[in-house]
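These figures come from a predicted structure and were not determined experimentally. Every chain is numbered from 1 and lettered A, B, ... according to where its sequence line falls, protein lines coming before strand lines. Reckoned from all heavy atoms, side chains included, excluding hydrogens, waters and symmetry mates.
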Number of protein chains: 2
Amino acid sequence: MDDDQLVKLSAIAHRRKVPSGQIIMSDQEPASFFANLISGTVKLTKTTSDGRQQIVGLLFPPDFLGRSFRPSNPYFAEAASDLEICVFPKDAFERLAGEYPELEHRLFERTLDELDAAREWMLLLGRKTAEEKVADFLYLLARRSLLTHCADHATASFELPLSRADIADYLGLTIETVSRQLTRLKTSGVIRLINNRLIEVPSLDALSLVAGQDSPHPY
Amino acid sequence: MDDDQLVKLSAIAHRRKVPSGQIIMSDQEPASFFANLISGTVKLTKTTSDGRQQIVGLLFPPDFLGRSFRPSNPYFAEAASDLEICVFPKDAFERLAGEYPELEHRLFERTLDELDAAREWMLLLGRKTAEEKVADFLYLLARRSLLTHCADHATASFELPLSRADIADYLGLTIETVSRQLTRLKTSGVIRLINNRLIEVPSLDALSLVAGQDSPHPY
DNA sequence: CGACATGTTGAACCTCATCAACCGACGTGG
DNA sequence: CCACGTCGGTTGATGAGGTTCAACATGTCG
């Protein structure tokens, strides 16, 4: 994105803090803004009429939050932790997107990535065991942590961005099963639990093996 | 899409028949074309290293098949029945998309629809029971059949586009469970099985109820 | 210190997967 | 023409993986 666009973007933007648990975008009401995630984690959730919930997407910085060309979302966006976001009014942003085809193109690419991620997760939800699900989730986070804290690439350590309940909703499990599988992975030595939220992975390859990944993802 | 575009599109297109079971696009090799689905059903599948399979998307006419701005797919596209498709060479199509922003915009919109569908399916895969899954799938097909055979909108009848094995792979179940749930729905009177592939739904509302839909979808 | 939220562990139960037999339709070859 | 194998689908018996319910542990905040 060139300077001109960045200037115009920041002109219409403003920062906002959001406390954990707050709904950012709701199912029925129209989405009136776009936003860039500066810090924190956003979960996209869907719920059945009787209250069963499923997380259908996670957003980490610097992910983008919004709904292009549609009046409203078919899901909720909720702060899974305290957030900082950078908000753009929807109409102004879309005017800008009309001016700069590059911008729309970038949004398109991001949407394709989200689609790929969603489909990858469908395989996990439909066909993997509880142990594989948990290991897969941890493997995902471990790889993410390598991108930022670029360490030696064989081990990793990171903080869980979600509570047990949210992890369960992400993996299509119950909190009890998540907890049990975590202790299983701990006792089998695949991970170390420093505290409830902090995790160490001595061997990424070992973790990837438990996750049942097609191919150990290179980084 | 205006006439000019349609003319140029058809100039680079050619028809092709594809027998059931054939792989159209593969995981690793680059996707070299786009295609419009004229008749038949295409399944998008992902597979774990040990052979468990999950269908991550279904395409019906007049859906569009292809991968914008990416060299290859992270999944397979396979003919779930005999097909007729209308093929566009990738480079020619992308040149055209560059000329007509409208075209890229349309592709974007379709991708958003696919993303919504994928996320809806994540809720099904992660949180619904076998009975709800099967009922939900049938409800989906029933609504689709109303769009074409526009009948009285309270009942429906249609042909299953998938084998039991494919239905199982779509719902994250086994063929046995799919079969059992179908006979359950039959004996409880929610559906009628005319033959293995032909289904009648006396009451869409009753089916939607079993499917555990948030809201009975109006049509 | 007690109340509440979050997480862990245990025991019982249930849904769904697994394994196996069976059925009907179809195509092939003797 | 009929035996035969194959394929797609159904049905039954059994068992395992996860859910459910409940108790307990830990941590935090008033």
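Here B/Leu173 lies in heavy-atom contact (under 4.0 Å) with sugar-phosphate atoms only.
As rounded to whole Å, 14 Å separates atom C1' of D/dG8 from atom CG of B/Asp169. If you measure from atom CG of B/Leu185 to atom C1' of D/dG9, you get 16 Å, rounded to the nearest angstrom. Per the geometry, CG belonging to B/Asn195 stands 11 Å off P belonging to D/dG9, to the nearest Å. Atom pair B/Leu171:CG and C/dT15:P shows a separation of 18 Å (rounding to whole Å applied). Straight-line distance from the CZ atom of A/Arg164 to the C1' atom of C/dA5: 14 Å, rounded to whole Å. One can place CD1 of A/Ile167 at 13 Å from P of C/dT6, the figure rounded to the nearest angstrom.
If A/Lys186 and B/Gly172 are placed on DNA chain C by their nearest nucleotide, the residue sitting closer to the 5' end is A/Lys186.
Between B/Tyr170 and B/Trp121, the angle of the ring planes stays under 30°, which puts this pair in the parallel group of the 30/60° scheme.
For A/Thr177 and D/dT19, the shortest distance from a side-chain N or O to OP1 or OP2 is below 4.0 Å. Contact between the side-chain N/O atoms of B/Thr174 and the OP1/OP2 oxygens of C/dC16 is not found at any separation under 4.0 Å. For D/dG17, the OP1/OP2 oxygens have no side-chain nitrogen or oxygen of A/Thr129 closer than 4.0 Å.
Using a 4.0 Å cut-off between a side-chain N of Lys or Arg and a carboxylate O of Asp or Glu, B/Asp27 and B/Lys46 do not qualify as a salt bridge. Salt bridge status for B/Arg70 with A/Asp113: present, with a side-chain N to carboxylate O gap under 4.0 Å.
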List, with names and distances, any nitrogen or oxygen atoms from the protein found under 3.5 Å away from nitrogen or oxygen atoms belonging to nucleotides 21-30 of chain D.
unit_1	atom_1	unit_2	atom_2	d
D/dC21	N4	A/Glu176	OE2	3.1

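Checking A/Thr48 against A/Asp50 by side-chain atom types alone, a donor-acceptor pair falls below 3.5 Å.
Ring centroids of B/Phe64 and B/Phe93 are separated by less than 6.0 Å, placing the two rings close together.
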Side chains of residues 77-89 of chain B: which donor-acceptor pairs under 3.5 Å do they make with residues two or more places apart or in other chains?
unit_1	atom_1	unit_2	atom_2	d
B/Ser81	OG	B/Thr41	N	3.0
B/Asp82	OD1	B/Ser20	N	2.7
B/Glu84	OE1	B/Ser39	OG	3.1

